[in-house]
Amino acid sequence: MTPALEALGFETGRKDLFEDLNLWLRPDGYMKVDDSGIILEIERGMTVANCRDVYDFWKCHVCPSAHYLFLVVPVGLQHNSKEKPRRVFEQVKKRLGPLFRHEDQRGVRGLCLFGY
């Protein structure tokens with residue numbers, strides 16, 4: 001976690017957010033906001049291949065202390081010069097976008113997707 005994010009109020013690796021569910025999960029960052037909170041997840045190379053974006057969404061969905069997810073993902077990713085670059089940001093947007101199209105009950109009220 002960068003000092004800049006800590007200066008904004010994010011706590012690093014908070015362990016007690018999922019105790020009520022008997023789950024041992026830790027977000028990269030957490031910030032309490034009013035009666036809810038924000039989970040911050042920063043993903044790297046395996047965001048799409050290992051479904052980390054969906055896992056992070058689920059983590060926020062089951063967290064009783066947070067209803068908002070800040071998800072930071074690569075815009076593009078290329079592991080070697082022979083490989084075609086993957087458009088990770090666009091893939092994540094395409095996968096998670098439909099989860100907000102219908103008015104139904106879910107634990108995530110909002111998702112902010114950031115690309116780097």
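Side chains are part of it too, since the values below use all heavy atoms of this structure and drop only hydrogens, waters and symmetry mates.
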* **Sidechain-backbone polar pair: Ser36 side chain, His67 backbone, donor-acceptor under 3.5 Å** => yes

* Asked: Within the distance-only criterion (no hydrogens, no angle test), does the side chain of Thr47 pair as donor or acceptor with the backbone N or O of Arg44 below 3.5 angstrom?
  -> yes

* Asked: Below 4.5 Å, heavy atoms only, C-beta onward: do Phe10 and Asp28 meet side chain to side chain?
  -> no

* Asked: Does Glu41 offer a backbone N or O that forms a donor-acceptor pair with the side chain of Asp56 under 3.5 Å?
  -> no

* Asked: Are side-chain heavy atoms of Val72 and Leu113 found at a separation under 4.5 Å?
  -> no

* Quick one: list whatever passes side chain to side chain contact (heavy atoms under 4.5 Å, CB included) with Leu23, sequence neighbours left out. => Phe18, Leu21, Leu25, Trp58, Val62

* Output the distance between atom CE (Met31) and atom CD1 (Ile39), rounded to the nearest 0.5 Å. => 12.5 Å

* Asked: Under the 3.5 angstrom rule, does the side chain of Lys32 hit a backbone N or O of Asp34 as a donor-acceptor pair?
  -> yes

* Show your reasoning for whether side-chain contact (heavy atoms from CB on, under 4.5 Å) applies to Ile42 and Leu5. => CA-CA 12 Å; Ile42 302 170; Leu5 291 173; 4.2 Å; yes

* Structure fact -> Note: Lys59 and Arg26 closest approach over all heavy atoms is NZ-O, 3.4 Å

* Report yes if the side chains of Glu6 and Thr12 come closer than 4.5 Å at any heavy-atom pair, otherwise no. => yes

* OG on Ser65 to CG on Asp35, rounded to 0.5 Å -> 11.0 Å

* To do: Locate the shortest heavy-atom distance separating Arg95 from Cys51; write the atom from each residue and the value.
  => NH2-CA, 3.8 Å

* **Atom pair CG/CZ of Leu71 and Arg52 - distance to nearest 0.5 Å** => 10.5 Å

* Asked: With Phe70, which residues qualify under ring-ring contact (aromatic ring centres under 6.0 Å, His included), at least two apart?
  -> Phe114

* Structure fact -> Here the gap from Cys60 atom SG to Leu17 atom CG, rounded to the nearest 0.5 Å, amounts to 10.5 Å

* Asked: CG of Asp16 to CD of Glu11: how many Å apart, nearest 0.5 Å?
  -> 8.0 Å

* Asked: Taking the six-membered ring where the residue is Trp, are the ring centres of Tyr30 and Tyr68 under 6.0 Å apart?
  -> no

